[in-house]
Protein chains: 2
Amino acid sequence: MAVKIYDVAKAAGVTSSTVSRVFNGYPDISEHTRKKVYEVAAKLGYTPNIAARTLSSKSLKTVALILNDLVASRFDGVSMQTILGVYNYCETHAMQFVLYPTTTKLQHEKTFDQFCMERNVAGAVVQGLHIDDPYIQQISESQTPVVMIDLEIPGANTVSISVDNVAAEKEATQAILRHGKSHPVMMNGIPSAQVSNLREKGFREAIHDAGLSLSDDAIMYADFDIDKAEAAMRNALASGREIDAVICASDAMAMGVMTALKAAHRRVPEDCEVVGFDNIAITEYSQPTISTIDQHMEKIGGMAAQLVDKLLNGKVAPNMRHIFSPHKFIQRESTGVYPDK
Amino acid sequence: MAVKIYDVAKAAGVTSSTVSRVFNGYPDISEHTRKKVYEVAAKLGYTPNIAARTLSSKSLKTVALILNDLVASRFDGVSMQTILGVYNYCETHAMQFVLYPTTTKLQHEKTFDQFCMERNVAGAVVQGLHIDDPYIQQISESQTPVVMIDLEIPGANTVSISVDNVAAEKEATQAILRHGKSHPVMMNGIPSAQVSNLREKGFREAIHDAGLSLSDDAIMYADFDIDKAEAAMRNALASGREIDAVICASDAMAMGVMTALKAAHRRVPEDCEVVGFDNIAITEYSQPTISTIDQHMEKIGGMAAQLVDKLLNGKVAPNMRHIFSPHKFIQRESTGVYPDK
DNA sequence: CTGAAAGCGCTTACAG
DNA sequence: CTGAAAGCGCTTACAG
């Protein structure tokens, strides 16, 4: 049924070796046969079989995108963006792409190296790992280069990429302080996500630099979940303590917080400002619109793929452990900024 | 580096043929050697190489999930759910999974059959195609079985799956008519998506059955886009014609419609009811919450994968052209239903 | 510039 | 119940 390299070779009057060479862009091929081969291949509709190529070749690189359950939230399209970023880089750089949606549970059934072996994975980008996932250690010890999104781990073949979470959250906090708010709290994500810790650090730094102090209950944890965030915020408000700003480690949690504020008849931003993180679509359409930090996940995906490409070619300085991708603090109505539509 | 079948065979004192047989679940293997092989394989951390398997085997099936750009909206996690549905079915049924995020443009560079050849795709599930995509004809004429999500096309090896869009939209429309609304309009999606036509049909049927008639401008098209929907709704309201309900072909458009209503100081649901489609996360959290139709995309993904499995095994009746997956009309505040939280 | 040949890591009739 | 051998569709030293 399918047309194979042999068919093309025969029709072009050459060997399969030659056809292979022109398809792999070898330089020493006569212009004449190159043209002929392409012509015949196009007419026959030939496409090289990928399984055969990966089996016989050392140079066909496949990069895997490993998405752990941490990112599979129903709430946003974030992980879809990562997929597109990585895919597009691979597509335009002659690398194979393979997606592996895993879970902490699945990680116990198959080690990272086993996964890489079975699929001939040359390098991987990994997103959504908790800091206590079994994969972490396996990745550090693995030979295969991996680029971690949002999580720094040790390992000679490992580089991580993320926005500067500390700086970003600090920037956001400073903004609300500048607006005259002096009793901010933070709604943080699950502690086993490294970004939670970094964002908390940025929050604390801004508070500290401003000469303010934080009560013990100023940091709440709501696992990046909208309902948990709402519940936590309701409790906080019910306790009667003074709160005039909430820095949230995700937009979903910011939504939950706003619901709780509304229920308590607190006006946003007049009585209490709110900032999220991620810049998911709804932040532009909620009422009020939500200030947040844009991460541009598709770009991060692309950069990550490029990094594994560089890692594969030894083009990453050995002391490079982490790359910061650009972020942007976007102010909207929830921090008192009303852009004219 | 990697451990291969030969290593296991040697360590277990058998041939690679035997190892292959136990790993493929052949029945005629002595209990003793089966155990031994598994034991050795586990100790060595052996996993069969997939490229080698797909190259040499007729029975290793790989199913591709082809996601076209139509579904890559930033607004929701819908396509992520499809991915998980298909992936999980494959994972638990010994089939290989491969994701191909394509675009109408990419479809011109590589035919459907070429894609299937190069990746040894035995069957595919396809989502997000426009009715004028080049893939449509190629799929109809292709030998490889495909399950289309949300789009019926001809073809002997083709089955489609979707919710009953006509019935669903009819049901929603009837509900708002029952609430006493008599000037409904529809905010429809891009006409090149089949679901748009079906949902419109359901809407029209409900109107017709109720003995009402529709003006020419009762159906608007906003390409599933929130901003376009808002703009279209603003225009409609500005025109001064009477509107007391808006049936939308997607939740995103429902959001846009609600924004326009709010800007015109029309209360939802008192002055105008709104219905969306998809049940994306925000519908539960917008204010008011949005009535909508739940599709359960992850389930559809799973059913679709199962269908290609059946297609592959000739277990689908030849006259079966389409499967309806269950949907559920969920009433919320935007149609006057206030569930106690 | 191009061929002949070995090899990638499996699977599967074919024998026994 | 298990081996020996051919084959899946490519790539790539090795010659020439």
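Residue numbering restarts at 1 for every chain, and letters A, B, ... go by the order of the sequence lines.
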TODO: Give a yes-or-no answer on whether the side chains of A:Thr82 and A:Gln127 include a donor-acceptor pair shorter than 3.5 Å.
DONE: yes
Task: Test item: side-chain donor near acceptor, A:Ser59 and A:Ser57, under 3.5 Å - done: yes
TODO: Quick one: do A:Ile29 and A:Thr33 satisfy side chain to side chain contact (heavy atoms under 4.5 Å, CB included)? Show the steps, please.
DONE: CA-CA 7 Å; A:Ile29 300 280; A:Thr33 89; 3.3 Å; yes
Open item on the list: Does A:Asn49 reach a base, just sugar-phosphate, or nothing at all? Heavy atoms under 4.0 Å.
Closed with: sugar-phosphate
TODO: Looking at every strand, decide which applies to A:Thr54 at a 4.0 Å heavy-atom threshold: base, sugar-phosphate, or nothing.
DONE: nothing
Task: A:Tyr100/B:Phe97 aromatic ring centres below 6.0 Å - done: no
For [X] and [Y], work out which heavy atoms get closest and say how close.
X: A:Ser192; Y: A:His130; result: OG-CD2, 3.1 Å
X: A:Asp113; Y: A:Ser142; result: OD1-OG, 2.8 Å
X: B:Val195; Y: B:Phe224; result: CG2-CZ, 4.0 Å
X: B:Ile153; Y: B:Arg321; result: O-NH2, 3.0 Å

- [ ] Could you list where the contact with chain A starts and ends along DNA chain C, reading 5' to 3', using a 4.0 Å heavy-atom cut-off?
- [x] C:dC1 to C:dG9
Task: Position toward the 5' end of DNA chain D (nearest nucleotide), B:Ser30 or A:Thr47 - done: B:Ser30
- [ ] With DNA chain D as reference, determine whether B:Leu55 or A:Ser57 sits nearer its 5' end, using the nearest nucleotide of each.
- [x] B:Leu55
Open item on the list: For a 4.5 angstrom cut-off between non-hydrogen side-chain atoms, does A:Gln306 reach A:Lys315?
Closed with: no
Task: Selection: residues 11-27 of chain A, any non-hydrogen atom under 4.0 Å of DNA chain D - done: A:Ser17, A:Ser20, A:Arg21, A:Asn24, A:Tyr26
TODO: Mind telling me whether B:Tyr89 and B:His93 have parallel, tilted or perpendicular rings, with 30° and 60° as the class edges?
DONE: parallel
Task: Canonical and wobble pairing (Watson-Crick, G-U, under 3.5 Å) of DNA chain C, dot-bracket with | - done: |||.||||||||.|||
